[in-house]
Peer 1: 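Below you will find the structure I want to go over with you.
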Amino acid sequence: MDTDCTRPISEWLSDEQAKAVDLVVGIEFDTRSDDVRADMDEVVQLCSWSIMAKPGSRHIRHVTDTVLARLQALSNTPAGIHASSIDDVLRITGPRVFTNALLDSMSKQVGVPITARNLSYIEDPETIGSVLILPVSSFASGQEHSASKPWGNEQQLLSHHWSGFHTWKLDYDH
């Protein structure tokens with residue numbers, strides 16, 4: 001496990017927020033521009049490695065259904081389910097599909113399109129439908145991008161001990 005709580009989970013939400021939301025996610029990456037990085041699908045990417053959800057969350061169900069549909073589509077090909085690159089893994093089951101499926105689910109819930117640009121530049125927690133979006137420093141402090149604040153800041157809820165591309169991504173046997 002490469003994350004731990006910097007603040008106890010019981011302190012993350014007010015009583016009002018806890019009643020109003022069924023999913024809490026943090027921003028992992030925000031380009032803070034109109035430019036989408038080549039290794040991403042959107043200007044903002046949500047953390048898929050740490051979430052807080054109530055049982056039966058409609059949003060998590062939508063993410064799961066989306067991933068299963070992608071896997072089903074792949075299983076119908078002659079090659080079956082095969083990820084030929086790290087990019088395939090990230091696009092099919094990782095933070096890209098997680099972010100895109102949540103944007104779709106939130107859009108359906110509130111009845112207007114929610115895009116990654118709606119999440120860019122978030123400095124304080126923001127509720128969209130029943131999803132609480134936390135700013136980048138809540139779950140991803142200490143990054144050298146996305147206007148992430150240094151470790152130990154007032155918004156930090158988690159410590160993510162990410163060790164970079166010299167982990168599973170480079171060791172992935174494909």
Side-chain angles (χ1 to χ4, degrees), residues 1-5 9 12 20-31 36-120 122 125-136 138-140 143 145-146 157-158 160-174:
M1 211 166 142
D2 67 352
T3 58
D4 56 67
C5 292
I9 292 171
W12 289 11
V21 302
D22 69 1
L23 177 64
V24 178
V25 295
I27 294 173
E28 177 179 19
F29 193 94
D30 183 353
T31 63
V36 178
R37 282 182 19 170
D39 62 335
M40 296 176 67
D41 288 345
E42 297 286 352
V43 296
V44 167
Q45 183 167 278
L46 298 172
C47 296
S48 60
W49 37 265
S50 293
I51 62 170
M52 182 166 57
K54 288 182 181 174
S57 167
R58 68 189 287 159
H59 303 289
I60 296 302
R61 186 176 18 224
H62 186 75
V63 170
T64 303
D65 290 346
T66 302
V67 170
L68 290 173
R70 288 179 181 209
L71 291 171
Q72 180 65 41
L74 284 175
S75 71
N76 292 331
T77 65
I81 298 174
H82 178 73
S84 59
S85 70
I86 294 167
D87 191 60
D88 287 343
V89 173
L90 295 173
R91 187 174 311 283
I92 296 165
T93 63
R96 293 181 197 171
V97 69
F98 182 79
T99 299
N100 291 327
L102 280 180
L103 291 170
D104 184 51
S105 183
M106 288 187 290
S107 297
K108 289 176 180 175
Q109 184 181 30
V110 299
V112 296
I114 303 296
T115 70
R117 284 175 171 62
N118 294 111
L119 308 181
S120 190
I122 287 180
E126 186 172 317
T127 303
I128 300 174
S130 61
V131 179
L132 181 65
I133 311 289
L134 300 174
V136 69
S138 295
F139 283 6
Q143 300 181 116
H145 55 74
S146 307
L157 302 176
L158 288 178
H160 184 208
H161 307 284
W162 182 71
S163 59
F165 285 96
H166 299 288
T167 59
W168 70 270
K169 291 180 183 180
L170 287 183
D171 296 335
Y172 175 67
D173 182 22
H174 52 289

Peer 1: Under 4.5 Å between any side-chain heavy atoms of T93 and V67, yes or no?
Peer 2: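 Sidechains of V67 and T93: in contact.
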Peer 1: Which residue pairs pass the salt bridge (Lys or Arg N to Asp or Glu O under 4.0 Å) test when at least one of the two sits in residues 100-119, sequence neighbours left out?
Peer 2: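 Passing the test, one end in residues 100-119: D34-R117, D104-K108.
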Peer 1: Does the side chain of F29 come within less than 4.5 Å of T31's, by heavy atoms?
Peer 2: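 A side-chain contact exists here, since the closest heavy-atom pair is under 4.5 Å.
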Peer 1: Would you mind listing every salt bridge (Lys or Arg N to Asp or Glu O under 4.0 Å) that reaches into residues 62-71, with sequence neighbours excluded?
Peer 2: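 Listed once each, the pairs would be none.
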Peer 1: Restricting to non-hydrogen atoms, name the atom on S107 and the atom on L103 that form the minimum distance, rounded to 0.1 Å.
Peer 2: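 Smallest interatomic distance, heavy atoms only, reads OG-O, 2.8 Å.
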Peer 1: Would you say the side chain of F139 lies within less than 4.5 Å of the side chain of E28, judging by non-hydrogen atoms?
Peer 2: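 Not touching, per the 4.5 Å side-chain cut-off.
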Peer 1: Which residue in the set L23, V24, V25 passes side-chain contact (heavy atoms from CB on, under 4.5 Å) when paired with V21?
Peer 2: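 Option passing the side-chain contact (heavy atoms from CB on, under 4.5 Å) with V21: V24.
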Peer 1: With L119, which of T99, L102, V44 fulfils side-chain contact (heavy atoms from CB on, under 4.5 Å)?
Peer 2: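 Going through T99, L102, V44 one by one, the side-chain contact (heavy atoms from CB on, under 4.5 Å) with L119 is satisfied by V44 alone.
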Peer 1: Are the side chains of I122 and I133 in contact, using a 4.5 Å heavy-atom criterion?
Peer 2: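 The answer is yes, as the side chains (C-beta and beyond) meet within the 4.5 Å cut-off.
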Peer 1: Apply side chain to side chain contact (heavy atoms under 4.5 Å, CB included) to the pair W12 and L158, showing each step before the final yes or no.
Peer 2: CA-CA 10 Å; W12 289 11; L158 288 178; 3.7 Å; yes
Peer 1: Under 4.5 Å between any side-chain heavy atoms of C47 and P95, yes or no?
Peer 2: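 They are not in contact (no side-chain heavy atoms under 4.5 Å apart), so the answer is no.
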Peer 1: If you measure from OG on S105 to CG on N100, what distance do you get to the nearest 0.5 Å?
Peer 2: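 The distance works out to 12.5 Å.
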Peer 1: Step by step, would you call T64 with L68 a side chain to side chain contact (heavy atoms under 4.5 Å, CB included)?
Peer 2: CA-CA 6 Å; T64 303; L68 290 173; 3.9 Å; yes
Peer 1: Would you check if the distance from the ring center of W49 to the ring center of F98 is below 6.0 Å?
Peer 2: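 No; F98 has its ring centre 6.0 Å or more from that of W49.
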Peer 1: Measuring only between side-chain heavy atoms, which start at C-beta, is T66 closer than 4.5 Å to V97?
Peer 2: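 Yes, at least one pair of side-chain atoms sits under 4.5 Å.
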Peer 1: How long is the straight-line distance from OG of S130 back to NZ of K54, given to the nearest 0.5 Å?
Peer 2: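 Result: 8.5 Å between the selected atoms.
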Peer 1: Compare every heavy atom of R61 with every heavy atom of G56, then report the nearest pair and how far apart it is.
Peer 2: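 Between these two residues, the closest heavy atoms are O-NH2, 3.1 Å.
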Peer 1: Please report the closest heavy-atom contact between A101 and H62, naming both atoms and the distance.
Peer 2: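 Closest approach of A101 to H62: O-CD2, 3.1 Å.
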Peer 1: Return the minimal non-hydrogen interatomic distance between P125 and P135, and the atom names on each side.
Peer 2: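 Taking every non-hydrogen atom into account, N-CD, 3.7 Å.
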Peer 1: Tell me the closest heavy-atom pair linking Q109 and I128, and the distance in Å.
Peer 2: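 Between these two residues, the closest heavy atoms are OE1-O, 4.2 Å.
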Peer 1: What are the two closest heavy atoms between R96 and Q45, and how far apart are they?
Peer 2: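 In terms of heavy atoms, the two residues are closest at CG-OE1, 3.9 Å.
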